Number of protein chains: 2
Amino acid sequence: MSRLLKQQQALLPAPAHELAEQMAEAGYKVTQPRLAVLRAAVALDKAFTVHELEQWLLERNESPGIASIFRTVKLLCDLELFQRIHGLEDCHRYSISGGHAHHLICVSCGALKSFDNCGLRDLITTLEQQTGYHINDHVLELFGHCPRCLTV
Amino acid sequence: MSRLLKQQQALLPAPAHELAEQMAEAGYKVTQPRLAVLRAAVALDKAFTVHELEQWLLERNESPGIASIFRTVKLLCDLELFQRIHGLEDCHRYSISGGHAHHLICVSCGALKSFDNCGLRDLITTLEQQTGYHINDHVLELFGHCPRCLTV
DNA sequence: GGTAGTGTTGATACAATATCTCAATATATG
DNA sequence: CATATATTGAGATATTGTATCAACACTACC
Ligand SMILES: [Zn+2]
Ligand SMILES: [Zn+2]
Ligand SMILES: [Zn+2]
Ligand SMILES: [Zn+2]
C-alpha cells in the first residue's frame, strides 16, 4: 500500500478502516476507488443505492468511474462485507452488514437496523416436513418507519 | 367480450379462467394478449421471469408484444393476482399468488410452494419495542431444493 | 348499422441498473 | 526501482423494464 493511502486510511472512521483491512486480508488491493466507496457507504449510514453512493462521491469530487463503484459493491457483497437488500419496490439497496443479517428499514429515510436472530427455525422445520423441500437460505426484510420519521 | 374470446376462455384450465374473471371484475378487458400471459403463467407452474413467459409464448407463436407482456404482469401484480418475488440473485421472478403470500422456491428448477402464515408477529412486536420503529410490511422468501431435484 | 369515445396494443424510444472489453494505470512485491 | 499483476475508466452491451403514440378494438349511443 502506498504512503498516500496509508495516510488517508488513518483518517478514516473506524468502520471503513476495518472494512479496508478485511479487503486486504482477503487478498484484494485497497485502492483509492475502493476506499472512496467504503467512505461513502460508512458516511451514508443507511441502506443505500449505488446511485446514492455515486452522488455522495460526485458532490465531493472524488467519484471513481461508475463501473468501479459497481465492481466494488459487488466485490464487497461477495466478501460478505456488504449485503444486498431486497426492497418492496426497488430491490437495489445495499448495506454494510455481513453474513446472514436481516434488516429493519425505514421506507421514508432509509434508516436501517440489522438483526441476526430471525427465529425462523421452527417455521422452516415445519415447512420442510410438510413439503419435502430442503430449505437452505432465506430472505427476510422488514419495512416501516423509524422513530424520527414517525415524529415528523 | 367477443364470441371468440368466450370460446377460448372456456377451454382454459380453471386457474387462468378464474384469473381472467377477476381481471374482468376489476374493470379490465380480458383481451387475447392478457389471456396469453395468463395461460403461460399457469402452464409454467412455477416462479417465472417475464423472459420465460415470453419464451413459452414465442414457442407457441402466440406472443403479444413484449411491452404488453410487461404491462400485463404489472397489472396483475397491482391487482394482487400475481406477486413479485425477490430472489437471492435475481429479484425478477413472479408467481401466481395474491396478497400476503410467502414462497418456498427451488433454486434448481423454480418449483414453488406458497404459504400465508409466516409467524412473524412476535418477532415484529419485539423489534418494534426494541427499536421504536413501526413495522408495516415485510418480505420473506425461502430457498432450497424441491423433492424432485433432491432425488436427481 | 354507423359513429364517437374509451381502453388496449405494439413498435420504438428511452431509462435504470449492471456487466463486459480492453488499453492505460496503479499497486504490491522482490 | 523494476516487474508482474491487479485494477481502473470509458464506452459498448445486456437486462429489466417504462413512456409515447398512432393504429386498433370494443362499447354505447344515435
Ligand atoms: Zn429484489
Ligand atoms: Zn426514517
Ligand atoms: Zn426443483
Ligand atoms: Zn409474512
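Quick caveat, the model's predicted, so the values are computed rather than measured.
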Chemist: What's the CG-C1' distance between Leu75(B) and dG7(C), to the nearest Å?
Modeler: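 Atom CG in Leu75(B) sits about 12 Å away from atom C1' in dG7(C).
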Chemist: Would you kindly give the NZ-to-P distance between Lys74(B) and dT9(C), to the nearest whole Å?
Modeler: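 Whole-Å distance recorded here is 15 Å.
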Chemist: Counting only distance, no hydrogens or angles, is the base of dG9(D) paired donor-acceptor with the side chain of Arg71(A) under 3.5 Å?
Modeler: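 Looking at the base of dG9(D), it does pair with a donor or acceptor on the side chain of Arg71(A) (distance under 3.5 Å).
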Chemist: Under 4.0 Å, counting only non-hydrogen atoms across every strand here, what does Arg93(B) touch: a base, just sugar-phosphate, or nothing?
Modeler: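 Nothing: the residue Arg93(B), judged by heavy atoms under 4.0 Å, touches no strand.
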Chemist: One pair to check against side-chain hydrogen bond (donor to acceptor under 3.5 Å, both in side chains): Ser114(A) and His102(A). What are the steps and the verdict?
Modeler: CA-CA 6 Å; Ser114(A) 301; His102(A) 300 296; over 6 Å; no
Chemist: For a quick test of reading the model: is some side-chain N or O of His92(B) closer than 4.0 Å to OP1 or OP2 of dG17(D)?
Modeler: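 Yes.
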Chemist: Under 4.0 Å between a side-chain N or O of Arg34(B) and OP1 or OP2 of dA25(D)?
Modeler: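 False: Arg34(B) side-chain N/O out of range (4.0 Å or more) of dA25(D) OP1/OP2.
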Chemist: Identify which nucleotide among dG9(D), dA11(C), dT7(D) has an atom closest to any side-chain atom of Ala67(A), counting heavy atoms from C-beta outward.
Modeler: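 Nearest nucleotide to the side chain: dG9(D).
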Chemist: With rounding to the nearest 0.5 angstrom, report the NE2 to OG1 distance, His92(B) to Thr49(B).
Modeler: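 Taking NE2 in His92(B) and OG1 in Thr49(B), the distance rounds to 10.0 Å.
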Chemist: Taking for each residue the nucleotide of DNA chain C with the nearest heavy atom, is it Ile66(B) or Gly27(B) whose nucleotide lies nearer the 5' end?
Modeler: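 Closer to the 5' end of DNA chain C: Gly27(B).
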Chemist: Please tell me which of the listed nucleotides, dT5(D), dA18(C), dG9(D), lies nearest to the side chain of Lys29(A)?
Modeler: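 The answer is dT5(D).
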Chemist: Does Tyr94(A) make a side-chain N or O approach to OP1 or OP2 of dA18(C) shorter than 4.0 Å?
Modeler: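 So the side-chain polar atoms of Tyr94(A) do come within 4.0 Å of the phosphate oxygens OP1 or OP2 of dA18(C), strictly under.
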Chemist: OP1, OP2 of dT8(D) versus side-chain N and O of Thr31(A): anything below 4.0 Å?
Modeler: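 Checking Thr31(A) against dT8(D): at least one side-chain N or O falls below 4.0 Å of OP1 or OP2.
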Chemist: For a quick test of reading the model, state the closest non-hydrogen atom pair linking Phe48(A) to Ser95(A) and the distance between them.
Modeler: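 In terms of heavy atoms, the two residues are closest at CE2-CA, 4.0 Å.
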Chemist: Would you mind reading off the distance between Ile69(A) atom CD1 and dA10(D) atom C1', rounded to a whole angstrom?
Modeler: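 Rounded to the whole Å, the gap is 14 Å.
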Chemist: Before giving the answer on side-chain contact (heavy atoms from CB on, under 4.5 Å), spell out for His145(A) and Val107(A) the whole-Å C-alpha distance, their side-chain angles and the decisive distance to 0.1 Å.
Modeler: CA-CA 6 Å; His145(A) 293 273; Val107(A) 296; 3.6 Å; yes
Chemist: Are Phe143(B) and Tyr133(A) close enough that their ring centers fall under 6.0 Å?
Modeler: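 For Phe143(B) and Tyr133(A), the ring centres are not under 6.0 Å apart.
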Chemist: Rounding to an integer number of Å, can you tell me how far Tyr28(A) OH sits from dT5(D) C1'?
Modeler: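 Taking OH of Tyr28(A) and C1' of dT5(D), I get 14 Å after rounding.
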Chemist: So which nucleotide from dT7(D), dG17(D), dT27(C) ends up closest to the side chain of Phe70(B)?
Modeler: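 The answer is dG17(D).
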